[in-house]
Every structure is written in structure tokens, then in C-alpha cells.
Amino acid sequence: YHFLMSDRRQSLAECTASELCRSSEEDCIHELEEASLSVVVLGASGDLAKKKTFPALYALHCYDLMPKTAKVVGYARSKLSKEELIERIKPGCSNVLDDEEKMASFFARCSYVAGPYDNEKGFQALHEHLQDIEKGKKESNRLFYLALPPSVFVTAVSAFNSVCRTQTGWNRVVVEKPFGRDLESSRKLVKGLAEYLNEEEQYRIDHYLGKEMVQNLLVLRFSNLAFQPLWSRSAINNVTITFKEPFGTEGRGGYFNDIGIIRDVMQNHLLQVLSLVAMERPVSLSAEHVRDEKVKVLRCIPPIDLQNVVIGQYVSDAAGKHPSYTDDEGVPEDSLCATYATAVLFIENERWGGVPFILKCGKALNERKAEIRLQFNDVPGQLFEDSARNELVIRIQPNESAYMKIQVKPPGLALGTQQTELDLHYPSRFQNGRMPEAYERLIYDVMKGDQSQFVRSDELDEAWKIFTPVLHRIEQEKIEPVKYFYGSRGPKEADELAARHGFKHFTGYTWVDPRSRV
């Protein structure tokens, strides 16, 4: 009876929390509906728009998180009709929710204008189209999503800035990564955009900040007293942040070869996660207070030492079923581009002094996984031999979870230890909850004007200061990446680097999805 009542109370609590969130969302949508809203997707005919931007907007439409007054306008150089645009974006939308009625009502919101990015004439036609669909409202808001190559950002913004701005509401511009190749190019891009947009109008999107478990970091850290005294060098030995993909570049090799894994994943996604793990408690949850603390912790990280970096490049697996990176179209045979990297960073402040932060990312590895792993110190005066360290693991994807690895006595007469977990598995625990996709959440934040999950210019500057020197050395000295087999864990040198900095790997334990446990 007590267990049943406890479950019921928990269920009621979840319903109450869900209702409060829903009420807040409805209030926000109601406020937005007092004006017209035009969401303009520049680069509407490209892959990013097709796979991410339009499906995210469709999801907001399906779950009533888009104002009824909102319209979606695609803009690109391609000469397309509205029907042809819909044919391009429909497969991505159907992956979100395959509902013909919902899709029909979403596509009714959509329209398309063709034009160049480098002159005002095309954008004048876009402006006239926007004025036409915004009729009937005294106030008009415009959201511009730059689903474009970075080389076109400043050109496009300079062209639409003088003719496409609304004069009766807000203008907000979403800027996609990469934000430059190094510190110099990043500053040039920031300066170029700043000529036309103020900082409050720019939303530099890093979709990792929109993932459910990354969003959960602030709550986990600052709403649980049990973790607060442990969250420092006094208890934590090392922190590992991992991103693994089980596939290679697969046709994107020519594009990827100019970027590499450090610029593609580590300098942005993983460093953003690190800043949330390591930052101090913000004064409030306002965008500026949260971003102030992220910048402070990044300023405490010196540039990465090349001795603390391992880079790798995948080759065909032993069976020859998968190609090498250099077999991909557009990749030179002698390419030195890294498809794998491990780097060790240090934060020189009172909380984290001496604790290595190990960032690992790679393609063509043995599994798909992104996680944060905080490994605690050994127990002083340990009574039980070969006892594994405690670890707090926050799994970002897939199977979003947070679990603590602890030691317990297994059943039986002998007094020994066995590693197990205290486990929160989100899909099992919150069966009635819906975890929105990162792009969906972040576009919704842009509509609300919440910049807390977007990268500020000084934050971007500090991030590039950490990585630019080592990137330049790797390129100038033509350092050859270590080869690793497609489908493996990556180079053994990366494991050796982590071990040198105190990480201990313990065998005999594998996390299992609770849904598959008997």
C-alpha cells in the first residue's frame, strides 16, 4: 500500500510539474501571438534546413509551441516552387511525426522566395513578401535562421539588413557553427556581423546546448545538496567528456577535410559541456548571469599543450567492410585530417586545480555515445582490495541517463565488493514525458528571446584562445594522425594518455538499458 501511494504521489508530482511547464509555455505563446512572427530560413534548399531546421519548426507546430500568427518562409538561390520545397522537407518532417493532417497545416504556414544572398534586390522581394503575410498586425517580429555556409554569413546579413528588418518589432538572427577556424577568423566573423547586428540580436547556436541531459546539468548540480560538496578537486579525480559516432564521413569527407574533428566537435560541443560542468553557481538563471560564469571558467583554462593531445584517422576495418577516411570522395590520399582526438585540459582555479578534463571525440568508432564521466578519488585506507572508484555518469545520448557507480556486497556468504549503479534512466522513469530535439528547443528559445543556451561573443573568443595554438602547431608541423580501425575504440595512445592523467578503467561492469533487464 505504501509503495502504491508513493508511486501515486510521484505520478501526481510529475503531472503537476508538467502542468506548470505547459502553463508557462502557453503564457509565452499567448504573448507572442499579440504580434505576427515570420521565421525566415535562409539556405532553405540545403541539407541543414531539410534535416534539422524545418523538422524542428514542424515539431513546434505539432506540439502547439509555435504562435498561430507564425509563418515560415524559405529563401535560397534555387528556383523552387512552394510545392518543390515541401517535397524536399517532407521526409524530415515525417520523421518527427508522420501525420498528414499536421503536416498539411504546417505546410500551409510555409512559403518560398528565391533570390541571391549578395545583393539587396532579392531581399527586397523577400521583404515585400513578408509585409504581405504580416498584414493585420500592428507589430511584426522576424526571426532569420542562417542555414548557410559561414563564408556567406556577413554577405547575407549585410544585404538583408537594410531592407528586411522589421521596424515594428524585434529582429533575431540565428548563426550556425562553425564560428571561424581559429581565433583570428572568429574575431573577423564576429566583427563583420557586429557591423549590422547588436549582440542581443545574435543567437550563435550550438545544438549540444539544447540536448536534454546537457540542459539537466544546471538542475543536477545546483538543486541537489548531496552533489555540491563533492563537485571539486577534493572528491573528483578526473572528468571525461566523450563523443563517439559509429560511422565515418560518408560522402562529407571533402567538407570535413577542411575542418577536422577538433573544430567540428571538440572546440564547440565538448567545450560547452565542460563549461557547464565546471562553472560556478550563477547569480540567477538569466542568460547573462549563466554566460558570465561560463566565460569565467573558460578564462581559467590555459592553451592546450600538444603533449596532451592524441589525434587519429580511421582506416578500413580488418574485414574490409568499411572504407578508410581517405577513400571518401574529395579526400586526398595523403590527408592529415584528424577524425579522432583526445585532449587533456586543466582549469587553474580553486575548485578544479590539478583535475584533468579529458575530452574525447571521434568518427567510425565502436558505438554511438555522448557522455560526461566524473571519476572520484580512491577511498583512503581502502579495506577491500581491487575496489573500483565511484563514478557519476551523465549519458547525453542515446538512452539519456544519470547513474552513480557504487560498490556493494554481492549476495552470498563471502564479504566482497561488486560494482553496480544507482540509476535514473529517463525513458523508463519519465515514460509520459517527451524529450524535444535540441534544435526544436533552441528555436523555441529564440522565439522567447532567451539567449542563455547560445554562445556569446566573449565566450567564443575564450574558447578559441584555448584551441588555436595547438591547432596551428598540428597544421604547421604536419603532425600525422595515428591510424585506428573503423569500428574500434580508437587509438590505444588515447587510452594511454588518459591513464597518464589518472583515469582508471575498471573491467567487469557494463551499463545496461533498464528496459532490457529481466
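This is a predicted model, so every value here is computed, not measured.
No donor-acceptor contact under 3.5 angstrom links the side chains of Glu440 and Tyr58, judged on distance only. Looking at Ser140 and Thr166, their side chains never bring a donor and an acceptor atom within 3.5 Å of each other. For the 3.5 Å distance criterion, the side chains of Lys211 and Gln397 qualify, holding a donor opposite an acceptor. Side-chain contact, Asn238 with Gln375: a donor N or O sits under 3.5 Å from an acceptor N or O. Ser286 and Ser284 share a side-chain donor-acceptor pair at under 3.5 Å.
Salt-bridge check for Arg351 with Glu280: passed, with a basic side-chain N closer than 4.0 Å to an acidic carboxylate O. Checked for salt-bridge contact, Lys177 and Asp206 miss the test: no charged N lies under 4.0 Å from a carboxylate O. For the pair Glu134 and Arg142, the salt-bridge criterion is met [side-chain N within less than 4.0 Å of a carboxylate O]. Glu83 and Lys90 are not joined by a salt bridge, as no carboxylate oxygen comes within less than 4.0 angstrom of a charged side-chain nitrogen. A salt bridge links Glu288 with Arg456; the closest basic N to acidic carboxylate O contact falls under 4.0 Å.
Nearest heavy-atom pair across Phe454 and Leu209 is N-CD1, 4.4 Å. In plain terms, the two heavy atoms of Tyr117 and Leu42 that are nearest each other are OH-C, 4.4 Å.
Between Asp458 and the choices Arg299, Lys294, Glu199, Arg291, the side-chain contact (heavy atoms from CB on, under 4.5 Å) rule is met once, by Arg299. A side-chain contact (heavy atoms from CB on, under 4.5 Å) with Ile394 is found for exactly one of Ile372, Val214, Val277, namely Ile372.
Under a cut-off of 6.0 angstrom, the local environment of CD in Glu437 is sparse, with at most 12 non-hydrogen atoms contributed by other residues, nucleotides or ligands. The 12-atom threshold is not exceeded at CD of Glu101, counting heavy atoms of other residues, nucleotides or ligands nearer than 6.0 Å. Crowding of Arg489 atom CZ: a count of heavy atoms from other residues, nucleotides or ligands under 6.0 Å not exceeding 12. The number of heavy atoms from other shown groups lying within 6.0 Å of NZ (Lys68) does not exceed 12. Within 6.0 Å of the NZ atom in Lys244, the count of heavy atoms belonging to other residues, nucleotides or ligands exceeds 12. By the neighbour-count criterion of 12 heavy atoms within 6.0 Å, atom CG of Leu285 is sparsely surrounded, having that number or fewer from other residues, nucleotides or ligands. Around the CZ atom of Arg165, the shell of radius 6.0 Å holds more than 12 heavy atoms that belong to other residues, nucleotides or ligands.
Residues forming a side chain to side chain contact (heavy atoms under 4.5 Å, CB included) with Pro149 (at least two apart in sequence, or on another chain): Ser151, Val152.
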| query | Taking it one step at a time, do Val154 and Leu193 satisfy side chain to side chain contact (heavy atoms under 4.5 Å, CB included)? | reply | CA-CA 6 Å; Val154 177; Leu193 291 174; 4.1 Å; yes
| field | From CA spacing to verdict: side chain to side chain contact (heavy atoms under 4.5 Å, CB included), Leu365, Tyr340 | value | CA-CA 9 Å; Leu365 296 173; Tyr340 177 96; 4.1 Å; yes
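For an aromatic pair to be called close, the ring centres must be under 6.0 Å apart, and Tyr75 with Tyr112 fails this. Ring-centre distance between Trp464 and Phe179: not below the 6.0 Å cut-off.
Asp450 places no side-chain N or O within donor-acceptor distance of the main-chain N or O of Asp445, the cut-off being under 3.5 Å.
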